[in-house]
Amino acid sequence: MSIMDKINNLDRRIIYLLAWIFVLYPLIFPLGLPIPISSDARSWYSYVENNVNDGDTVIFSLMYGTSGMPELFPMSVATMKHILQKDVKFVVLGFWTEGPLVFNALLRQVNPADYGKVYGVDWINLGYIPGGETAMGALATSFQNSVAVDFVEGRPLSSFPIMDNIRTATDIDLIISFETGTPGAPEWLRQWNTAYGVNIIVGCIGVSVPGMIPYINSGQISALMPGLTVSAEYELLLQKPGLAVAGVDAVSTSHLLIVLLVVIGNVAFFMTKEEKK
Amino acid sequence: MVDMIAAWTAVFFTLGIYSILYRENPWYRIAESVYLGVAVGYGVSVDLLYIRNQWSGQWSTSAGMILLFAIVMIVGLMWYGRFTKSTFYLYRWPLAIVVGTGIGLALRTVIDAQFLQQIVAQVKTPFFVAGNMGATINNILIQIMVPSVLLYFWFTGTIRESAPMKIVEKIARYTMMAGFGSAYGYTVLTRYSLFIGRSQFLLGIPPNEPSNQLAFIVIAFVMLASMIGWDFTHKKTPEA
């Protein structure tokens, strides 16, 4: 058997082993590869910096579970830090069951109290709201009817000062949605953006990016944070390097491995094809 | 102590799932089964919590609300009719309500949000952007490629067989292949991002617990040794 045949019939476990090596090595011994800032990161940063004004009310929506955390959690943390620097009120909620779990993990890294934010006055956590797009539509018409009590203290929404001025979608200035699938941006667009004109910015996993680009081009989504690498760039812009910056070397090396494997696999395939002829 | 147990448990289940990369094995089966059980249990519990909060927060406040809540609960219980043939017909009612409200809500705005606004954006895309060659090329490509792909899915009439349409079809195929390639690249990014995130956890890179590193080494060694050891000893066993 020639070397090309061996490559064609390579044990998949060798590829997995290579993947482990190419990911673990740069994490243990950081390479410090340069991280150029892309236009996506700049537009996200400048949108939050310039378009989120003092006095605004923002929905901070975590529409992903623990499986989406590696890619979306760093950008969620960084954006929360950015938002907390401003004099805005924010409502945390999610239409994914694991959203509250993710937010609890986020609170272990970013405490709103450290930024002078008081629970119930400056921010509130409404937790998980079941029902997908139907629930989104219902929430837009009435927060109080859709959510009976808050997620943290289990008290009626009427007992929190922040909810005095938040009743329908028209009281919200911006939705910041981090998401891995459905419900996500298309549902937000249908129920909140088109129906009420609420602006939306979306952080999503890489798989979803090609589907999001048309919404960015049409201006329906105001800014897009596509995946881990752009999170790293955003962390640098914020001057708060975190997990995304720590992982971006591994992204580069792992993609290098994929490119190498694709090239070697193609060369081996076509060379053995010629030999068989 | 509790943190340490939590960290070791998380490392165990992470490596249990990754052990499938070597081969099908009991560690993977344990991790997979526990994960499914926990995920379903968690989902049910948060749904029940929401129902309880709705009851105590607003539906238990008056006789009329209690009656409405009871009707909603009965309709909800009808979902479970699908588990037996004799009650299967009951399941159709909640299904019809959910599908009906869902489609009704979506249709209200879908034409504008995902159809008209996309067409308007396409029409408004300028061919030339002064002083920005990259954007100009990008826009020209958009203006050629989007109509080409739309025409590719036009299946009726004899025009389909005409010479200009063959060119359009070719452009459309290349466009779609570029789109699929882009989707594949982003998918690789996502999958590797997940792997990198778990690797950061296993290596105890802050803010993860540094003690994860020891758990990673010990548990990985035990799992690998057990699987490789099993394979090694059973290879020597004569086949029956």
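These values consider heavy atoms only, across backbone and side chains, with no hydrogens, waters or symmetry-generated copies. Here is the naming used below: chain letters follow the sequence lines, and residue numbers restart at 1 for every chain.
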With a 4.5 Å heavy-atom cut-off, do A/Phe151 and B/Leu49 have their side chains touching?
yes
Is there a side-chain contact between A/Thr180 and B/Thr190 in this structure, where contact means two heavy atoms from C-beta onward sitting under 4.5 Å apart?
no
Can you tell which part of A/Glu98 gets under 4.5 Å to a heavy atom of chain B, answering side chain, backbone, both or neither?
both
When you compare the side chain of A/Leu27 with that of B/Gln200, does any pair of heavy atoms fall below 4.5 Å?
yes
Between CG on residue A/Asn217 and CG on residue B/Asn138, distance to nearest 0.5 Å
7.5 Å
Quick one: does A/Pro100's side chain get under 4.5 Å of B/Val46's, heavy atoms only?
no
Would you check, one step at a time, whether the test side chain to side chain contact (heavy atoms under 4.5 Å, CB included) holds for B/Gln117 with A/Thr194?
CA-CA 10 Å; B/Gln117 292 205 36; A/Thr194 303; 4.1 Å; yes
Could you tell me whether a side-chain N or O of A/Arg190 sits under 3.5 Å from a main-chain N or O of B/Thr109, the two making a donor and an acceptor?
no
Can you tell which part of A/Ala244 gets under 4.5 Å to a heavy atom of chain B, answering side chain, backbone, both or neither?
neither
Between A/Gln109 and chain B, with a heavy-atom cut-off of 4.5 Å, which part of the residue counts as in contact: side chain, backbone, both or neither?
side chain
Evaluate the side-chain proximity of B/Asp47 to A/Tyr128: yes if any heavy-atom separation is below 4.5 Å, no if none is.
yes
So A/His255 and B/Tyr192, would you call those rings parallel, tilted or perpendicular, with 30° and 60° as cut-offs?
tilted
Evaluate the side-chain proximity of A/Ile205 to B/Tyr186: yes if any heavy-atom separation is below 4.5 Å, no if none is.
no
Would you mind reporting whether A/Trp20 and B/Tyr18 have side-chain heavy atoms less than 4.5 Å apart?
yes
Is a donor from one side chain sitting under 3.5 angstrom from an acceptor on the other, for B/Gln118 and A/Gln220?
yes
Where on A/Arg108 is there a heavy atom nearer than 4.5 Å to chain B: the side chain, the backbone, both, or neither?
neither
Validation row: B/Gln114, A/Tyr215 side chains within 4.5 angstrom (heavy atoms):
yes
